[in-house]
Each structure stands twice: as C-alpha cells, then as structure tokens.
Amino acid sequence: MSKKISIKDLKDYVGQEIQVSGWLYNKRSSGKLRFLILRDGSGYLQCVYFKGNVTPEVFELTDKIGQESSITVTGKVKEEPRSPGGYELDATEVTIIHETHDYPITPKEHGVEFLMDNRHLWLRSSRQVAIMKIRHRIVKAIRDFFDDRGFTLMDAPILTPAACEGTSTLFETEYFDLGKAYLTQSGQLYAEAGALALGKVYTFGPTFRAEKSKTRRHLTEFWMVEPEVAFSDLNDNMDLAEEFLEYIVQSVLKDRAEELKVLERDITKLQCVVRPLPRISYDEAVEILHKEGLPFEYGNDLGAADETVISSKFDKPVMVHRYPSEVKAFYMKRDPENPKLALAVDVLAPEGYGEIIGGSQREESLETLQERIKEHDLPMEAFEWYLDLRRFGSVPHSGFGLGLERTVAWICGLEHVRETIPFARMIYRNTP
RNA sequence: UCCGCGAUAGCUCAAUGGUGGAGCAUUCGGCUGUUAACCGAAGGGUUGCAAGUUCGAGUCUUGCUCGCGGAGCCA
C-alpha cells in the first residue's frame, strides 16, 4: 500500500509510489493523455494518465470526473520541468470519493456579485487560498511580534454597555434585563485598563461598525489588533508602530513569497518597508495638499483622496502625527506645546490603501479627561470605571489600533477588503 | 441619504427601434505533453420587475427592485 502524503511534501518522495487525496482543480486532455490538476490545500499536483499505462476503466474515469470532485490518486512522483510546480505524478489509479458535476465557478472570469454569492466555494480558488494563507501569516506575525516583546494578550469584551468613543454608529442588541448592549467598535478603553495592570498588553479580535459606508476600504465586521503600553509617549508609540509594520511585511515576504507571486504582487513595493518610516506632522501634510493645489481646509480630518495624495509622496507607509484635537477622540492627550493639537498618529499605507493604523498618547489627567467627556456630551457615569484608571496610579500611556483587513489588502495588493476576510460582512451583504 | 454606472444563456459579455449572438461551462467526437490547452458538433433564453410610446422595444420614456463604484459618515 502506497503512502498518503500532502502535495507540499512531494519533493521528498521523488521516485516513490504515493497517494494524495484532494479535489480536482482543473483537467486537460490530449489524445491518449489526461492531465488532472489536483489540489489538497497544501498545493497543486499535475497527475498524468497515459492510456497505455492504466486500465481502460481508470482511463475512462479520468474523462468523467467533474471539476471539484473529491478523489484519491495513486502514482509515482517524478521531477518534470514541464509541470507547474516542477513535480508531477505518473498516475496509475484514481478513486472517486464524491463525484460532482456543474461546479459553478469555472476557470474563467466571473463577476463580483456571483463570486460573493458563492464565497463558500470561491475560497477554493488559488487566489483566495493565497490570500487566506497570507492573512494567516500576518495574524501570526502580529501575535509573535507582541508575544516576543513582553506583551500579554488581553482581549476586550465584544458586548459593551456603551459606545467606546461616542462617535460611530453601533450595532445594538437587547441584553436580558439590563437594557441595550452594543457590539464593540474598539477594545481600546479596556486595553488601557490592561496596560495599567500588566504594563504592555494587546487585544486582538473582531470589531463592528454600523456606519453605512460603502467603499473598498470598509467592512461592518473587521479585525483589529490594539497594543497599549504604560509609561509610553507618542514617540515611543510611533517607534513601536514602525517596528511592528516592518516585522509584519518582512515576515510575509520571507514565508509567503509563493502566494505573493500567485497574486502577482509587485514585491519591490513591500521590500522597502524597513525602518525608519517617514514622520510628518498634520501641518506638513496640509502643506503637501496645498502645494498640490487641493482645496483642503486646515482643521478638517484627511479624506480618502487627501490620504492618497499624501501617501503617494512616499514609497513606504507614512506616519502623520499631531492632528487638530477637534477631529480626534476625547481620550487623546493634547500637545503641551500646542493645545489645539492632539498627540495622535495615523499611519497611511502606500499606493492609496489608506489609514491602516490610528493611535495616540492618552490623556492621563483625571480633571482634563472629565472636561473632555463633558465637551463631547458623553454620559459621565458610563466612563466612571475608565476614569478610575486616572484616579489610581495614572501614568502616561499610549497605543494604537491596526486594521487587519486593510493591512491584508495592502500587502496582497487587492482592490477591495472583501477578499481579505473569509466571509465579509458589508452593508448590503451578510451571506453566506 | 446623495451622485455615477449597470442588470441579456449556468458564467463573462455582444446585438443601428426590424429574425437575440459569441467565448467559457455542459454533452458527444478528435488529438501522446497539456499549461485558463486546442479543433469539430450539439443542447441551452419570460433580455431584473411593472407600466408606457411605437406597426414593431433587449434597445426609447417613467416607476420599482437588486448590484457595483464613489461621496458623506467612519477605521
């Protein structure tokens, strides 16, 4: 009985007879030859059936099997430069586990709506497999980065009693006898509690926004990683962010070169993501916009088009810091040198992928924070626990949030974030 | 909520107001090295829904539904 192996391990079995189980990805034929492309999740294998080498029954079967049938193939592994991947199977047997016909996603072009309706099947396509593997590598890089630097993973609740920042629209649900609860839009306030307990923490989980945004950069459900560090100011925060981004990008380049190739990603755009990253102030960003002739009004937040213009001036992610405090969240500390500015930083990805990181140094003064909550017209009692963090051993601290899907879209070079998450949740789609 | 574009075969798309086609997929036939294989043949249609203009509407008009892109909002 021949050994069962994964396609990724083929190179260790050259000359031996083996078995592989998987799904029929594509099929081609030429007279007395049949080429079956098998996929098993670990790779792709071309299985060659020559009429003279197999029984008539097996040869006939190879004609009948439809795309995405699940099968087990048996044969001898050989090196073959003409084969995609460099190896192929000189096949002698094929066993059908489940025969299928009329698989909807053919090896041709399809429209977005059709593919999203069939997302559960679309995930089997080579591009989608590559994206999921890169997404996983990015997630692993995120966890390794913080784990190796003394951070503790401390996840925040998903059901929360009130808005975290008081700005965006939230999904609402009934919570037993306690009234309304909301799906979290950020774990940040809880991460601050964690930082004052453990020094350095990060949260990593799904977040929810009920805004009716309908663009290539928006999902209603997306994943965010949020580190928070005690005794850390804005500059420390930017140091952490740039080391973090370099680590993520270089990890993907090192371990997922194959997948980036499948996606036809121009990796020279990623190779240059090494420290230091450019840092400009909001004021300098506005200067760039004015020099470009854009009618940007000082004091506004940067729009999507503004971000694209600014990021196009740099070949790596650019950090924009010290925004007008009016356009930023209530908990951000103001610049002692100019109280009109917040000690905030956004990181804009290159090539128009927009904001992938937003962060700040947090306000640590109890009195100042109470004033801000009043100014923003937020319910003080909901924030009492948060204010306790300033009553008992308050320290300068800072952190940021990185949007996973925007990061995946940028690194993979995708048009839309809907392909970066297995099952996207968007304003007009919550299926499959 | 607003602006723009779109909806025709299972899929991707053509079709001057005058008999709705092609490629892929499917089925059948051919080919000993295919690379989204190729060559030949066949089957496959309530042109998103409703109304209107017209001798005649896939095509023009109005309304509706759904989708895509963007704006606002947001990350």
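Only this structure's heavy atoms are used, side chains among them; waters, hydrogens and symmetry mates stay out. Labels below follow one simple rule: chain letters A, B, ... track the order of the sequence lines, proteins then strands, and each chain is numbered from 1. The structure displayed is predicted, hence computed values, not measured ones.
- For A:Glu211, the listed nucleotide lying nearest its side chain is B:rC74; candidates were B:rA36, B:rU32, B:rC74.
- Nearest approach of A:Lys78 to A:Val14, heavy atoms of both residues: CA-CG1, 4.4 Å.
- When the P atom is compared between B:rU65 and B:rC13, the two are found 24 Å apart, to the nearest whole Å.
- Remark: aromatic rings of A:Tyr298 and A:Tyr282 are close, center separation under 6.0 Å.
- Each of A:Arg406 and A:Lys212 lies near RNA chain B, and the nucleotide nearest A:Lys212 is the one positioned closer to the 5' end.
- Closest contact between the side chain of A:Ser213 and the listed nucleotides B:rU34, B:rG67, B:rC73 involves B:rC73.
- Of the candidates B:rA71, B:rG33, B:rC68, B:rG33 carries the atom nearest the A:Gln46 side chain, counting heavy atoms from C-beta on.
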### Strand RNA chain B in bracket notation, Watson-Crick/G-U under 3.5 Å with | for pairs to another chain
(((((((..((((....[..)))).(((((.......))))).....(((((..]....))))))))))))....
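- Rounded to whole Å, the separation between the P atoms of B:rA15 and B:rC74 comes to 43 Å.
- Residues A:Tyr331 and A:Gln188 have side chains that bring a donor and an acceptor to within less than 3.5 angstrom of each other.
- Across the protein-nucleic acid pair, A:Glu307 atom CD and B:rG70 atom P stand 14 Å apart, rounded to whole Å.
- Interface residues of residues 277-306 of chain A facing RNA chain B, ordered by number: A:Ala304; criterion, heavy-atom separation under 4.0 Å.
- Rounded to whole Å, the C1' atom of B:rG67 lies 16 Å from the corresponding atom of B:rU12.
- Residue A:Phe35 places its side chain closer to B:rG33 than to any other of B:rU32, B:rA36, B:rG33.
- Between A:Asp233 and A:Pro396 the shortest side-chain heavy-atom distance does not fall below 4.5 Å.
- Within a 6.0 Å sphere centred on CZ of A:Phe171, other residues, nucleotides and ligands contribute more than 12 heavy atoms.
- Computed from coordinates, the A:Tyr428 OH to B:rA7 P distance equals 20 Å when rounded to whole Å.
- A side-chain donor-acceptor contact under 3.5 Å links A:Glu405 to the backbone of A:Trp223.
- The aromatic ring of A:Phe222 sits over the base of B:rA75, with ring centres less than 5.5 Å apart and planes tilted by under 30°.
- When each of B:rU32, B:rC31, B:rA71 is scored by its nearest atom to the side-chain atoms of A:Phe50, the top-ranked nucleotide is B:rU32.
- Under the ring pair (Phe, Tyr, Trp, His ring centres under 6.0 Å) criterion, A:Phe146 pairs with A:Phe151, A:Tyr202, A:Phe244, sequence neighbours left out.
- Rounded to whole Å, the C1' atom of B:rC5 lies 24 Å from the corresponding atom of B:rA22.
- Closest approach to the A:His218 side chain among B:rC11, B:rG33, B:rC74 is made by B:rC74 (side chain taken as heavy atoms from C-beta onward).
- A salt bridge between A:Lys64 and A:Glu99 is absent, with no side-chain N of the basic residue lying under 4.0 Å from a carboxylate O of the acidic one.
- The A:His101 side chain lies nearest to B:rU27 when the options are B:rG33, B:rU27, B:rA71.
- Nearest to the side-chain atoms of A:Lys214 among the listed nucleotides B:rU34, B:rU1, B:rC68 stands B:rC68.
- Taking a cutoff of 4.0 Å between a charged side-chain nitrogen and a carboxylate oxygen, A:Arg279 and A:Glu242 qualify as a salt bridge.
- Closest to the side chain of A:His110, out of B:rG33, B:rG72, B:rC11, is B:rC11.
- Using a 4.0 Å cutoff on non-hydrogen atoms, no part of residues 311-328 of chain A comes near RNA chain B.
- Side-chain polar atoms of A:Gln46 and A:Arg82 form no donor-acceptor pair below 3.5 angstrom.
- Salt bridge status for A:Lys140 with A:Asp144: present, with a side-chain N to carboxylate O gap under 4.0 Å.
- As judged by a 4.0 angstrom heavy-atom cut-off over every strand, A:Leu36 is placed among residues making no nucleic acid contact.
- The side chain of A:Phe114 sits closest to B:rU12 out of B:rU27, B:rU12, B:rG70.
- Rounded to whole Å, the distance from CD on A:Gln185 to P on B:rA75 is 7 Å.
- Using a 4.0 Å cut-off, no side-chain N or O of A:Arg216 falls inside it from OP1 or OP2 of B:rG69.
- Contact of A:Glu113 with B:rG6 (side chain to base): no donor-acceptor pair of N or O atoms is detected under 3.5 Å.
- Under 3.5 Å, the side chains of A:Ser21 and A:Thr72 contain a donor-acceptor pair of N or O atoms.
- A:Phe296 and A:His290 have tilted rings, their planes meeting at an angle from 30° to 60° on a 0 to 90° scale.
- Ion pairing of A:Lys333 with A:Glu364 is present here, as a side-chain N (NZ or NE/NH1/NH2) and a carboxylate O approach within less than 4.0 Å.
- Residue A:Lys76 places its NZ atom among 12 or fewer non-hydrogen atoms of other residues, nucleotides or ligands, all under 6.0 Å distant.
- Within residues 60-73 of chain A, no residue approaches RNA chain B, by heavy-atom distance under 4.0 Å.
- The cationic atom of A:Arg149 (NZ for Lys, CZ for Arg) lies less than 6.0 Å from the six-membered ring centre of A:Tyr247 and within 45° of the ring axis.
- Taking the P atoms as reference points, B:rG70 lies 47 Å from B:rG33, given to the whole Å.
- Of the residues in residues 410-422 of chain A, those with a non-hydrogen atom less than 4.0 angstrom from any atom of RNA chain B are A:His416, A:Arg418.
- Checking the phosphate oxygens (OP1, OP2) of B:rA75, a side-chain nitrogen or oxygen of A:Arg209 falls inside 4.0 Å.
- Separation of atoms CZ (A:Arg209) and OG (A:Ser186) is listed at 6.5 Å; rounding is to 0.5 Å.
- Salt bridge status for A:Glu375 with A:Arg334: present, with a side-chain N to carboxylate O gap under 4.0 Å.
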